[in-house]
Amino acid sequence: MPETASKASPASLAPDPGRWKALVFIALAQLMVVLDATIVNIALPSAQQDLGISDGNRQWVVTAYALAFGGLLLFGGRIADLWGRKRAFVIGLGGFAAASALGGAATTGAMMFGARALQGAFGALLAPAALSLLAVMFTDAKERAKAFGIYGAIAGGGGAVGLILGGFLTEYLDWRWTFFVNIPFAVVAAAGAWFVIREPQGSRNRNPLDIPGVLLSTLGLVALVYGFTRAESDGWGDSMTVGMFVAAAVLLVSFVVVEAKVKAPLLPLRVVTDRNRGGIYLSLGLAIISMFGLFLFLTYYLQIVKGYSPVKTGFAFLPMIAGMITGSTQIGTRLMTRVAPRLLMGPGFLVAAVGMLLLTQLEIDSSYAALLLPAMLLLGLGMGTAFMPAMSMATQGVRPQDAGVASAMVNTSQQVGGAIGTALLNTIAASATTSYVADHIASATSRSQQQLVALQAQVHGYTSAIWFAVGILVVSAVIALTLINAGKPGTTPVASGEGAEDEVPVPVVAH
């Protein structure tokens, strides 16, 4: 059992002096994982051509990673709780670097798909270990706010940085460098973590693994993510798509039943039934649905409609990154210890919704400075402000032994939200585009007019989908404002989820 404040000596309760150095390496690892999510998308056309991957199979470069990462997150979080977060973090980094090297050296499509699946598997160990290390190392409210502000900015803005870096590497070097670039990130982060991170004692969960829970959660999440991925390519009415959703529902319901009965569950239900954490997982997942779709639409709009190069497209996203960093490290961090989290998350999502609302006015000749720039700034500011308290609150008040799985749930909500967003909003956009072409193509008599109609149809599809994204962000804000009821950190104890407010043990730093 962990030592509580009443049993520990004052010296043992002193904060870990290396915690800020540790944050540098944890943030570097998080940046690598988030970068990888978008950097490969930029390189995909070149990799497909070099490796002879068919159009039908190219989706597996993205899907293989998503399935392994999304499916194994809960298992990865539990392994981190069992082995220790530092060990899981370093192993995850080493494995991710090796898988990246394999992907960069790929000579066939199958080799690339295997490398991406391995990246996803080690990422599922690395991501929850990183977040849970922050949760157990930063316990002071003000320090926690600063640490999670930095982490939230990276989690929110890293994807856009990946677009810039991916454009540079693909355009000026070679697509293989979008994989090789992970290796120095991983080596530096792993070496730093090994020498600097000192995990608090008494925070491991040494109970035996819940094997039925591992199997049911992994298979259920894989079926769910694959269902949405297949819906995007084959349609919602496809028999395999429907079968995946049915299988996911059965497996995940069975998982909940098993977790309620076993002595040492993979995911203790107290982690998700607490109204604050449950509200965060739900609102964050919904917000990610809107953001993932938007990244895709804006990338296509800038490159196909406006004719931007990959590098110029990446730079066009810089205002959003600046907004996210400002919202997370300045607004969120400064206000986190002064106001309740819902008063940052709710307004943050609403500001992002206003930015998204501006983008519903997109047209072929829309001005970047007049429309896209203010929209991206508002999106970044809103999301950065909302993400920061969400990341912090998602692990606040959990027992140290549950920090890994609580962190994994944050990543799971983001991963599932990303899969839903890409599939759902793409489907809406494609349907609107098809309808627009059907209604307007007859009046286009020349080739140039037909090309103009095709571009107008694409933009109409994007704006139709963005309207849905606006609505989703408003729902996120409503959930955050009504469901999350915790006070500002340090004033209101957070319930454990079982109806009683548990004393949260103060971890003791191992020297």
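Quick note: numbers below take in every heavy atom, side chains included, and nothing from hydrogens, waters or symmetry partners.
Using a 4.5 Å heavy-atom cutoff, the side chains of Leu379 and Met291 are in contact. Taking 4.5 Å as the limit, some side-chain heavy atom of Arg116 sits within range of a side-chain heavy atom of Phe179. Contact annotation: the side chain of Phe349 approaches that of Met383 to within less than 4.5 Å [non-hydrogen atoms, C-beta and beyond]. For the pair Leu424/Trp236, a side-chain contact is recorded, criterion being any heavy-atom separation below 4.5 Å from C-beta on.
At distances below 3.5 Å, at least one donor-acceptor pair connects side-chain atoms of Ser217 with backbone N or O atoms of Val214. For the pair Asn182 (side chain) and Phe96 (backbone), a donor-acceptor distance under 3.5 Å is absent. Remark: side-chain polar atoms of Asp238 are not paired, donor with acceptor, to backbone N or O of Ala231 under 3.5 angstrom. The closest donor-acceptor contact from the side chain of Asp210 to the backbone of Pro265 lies at 3.5 Å or more, if one exists at all.
Note: Leu284 CG to Ser413 OG = 4.5 Å, rounded to the nearest 0.5 Å. The distance from the CG atom of Leu267 to the CZ atom of Phe255 is 5.0 Å, given to the nearest 0.5 Å. Rounded to the nearest 0.5 angstrom, Thr385 OG1 and Met324 CE are separated by 10.5 Å. With rounding to the nearest 0.5 Å, the separation of OG in Ser283 from CG in Leu483 is 8.5 Å. Here the CG-CD1 distance, from Leu125 to Ile79, works out to 7.5 Å after rounding to the nearest 0.5 Å. With values rounded to the nearest 0.5 angstrom, Leu93 atom CG is found 11.0 Å from Phe25 atom CZ.
More than 12 heavy atoms of other residues, nucleotides or ligands sit less than 6.0 Å from atom CE of Met111. Residue Phe245 places its CZ atom among more than 12 non-hydrogen atoms of other residues, nucleotides or ligands, all under 6.0 Å distant.
The two residues Leu221 and Gly70 make their nearest non-hydrogen contact at CD1-O, 3.4 Å. The two residues Val272 and Met409 come nearest to each other via the heavy atoms CG1-CE, 3.8 Å. Ile472 approaches Leu286 most closely through the heavy-atom pair CG2-O, 3.1 Å. Minimum interatomic distance between Leu344 and Pro389 (heavy atoms only, all atoms of both residues): CB-CG, 3.9 Å. Between Ala124 and Ala68, the shortest heavy-atom contact is CB-O, 4.3 Å.
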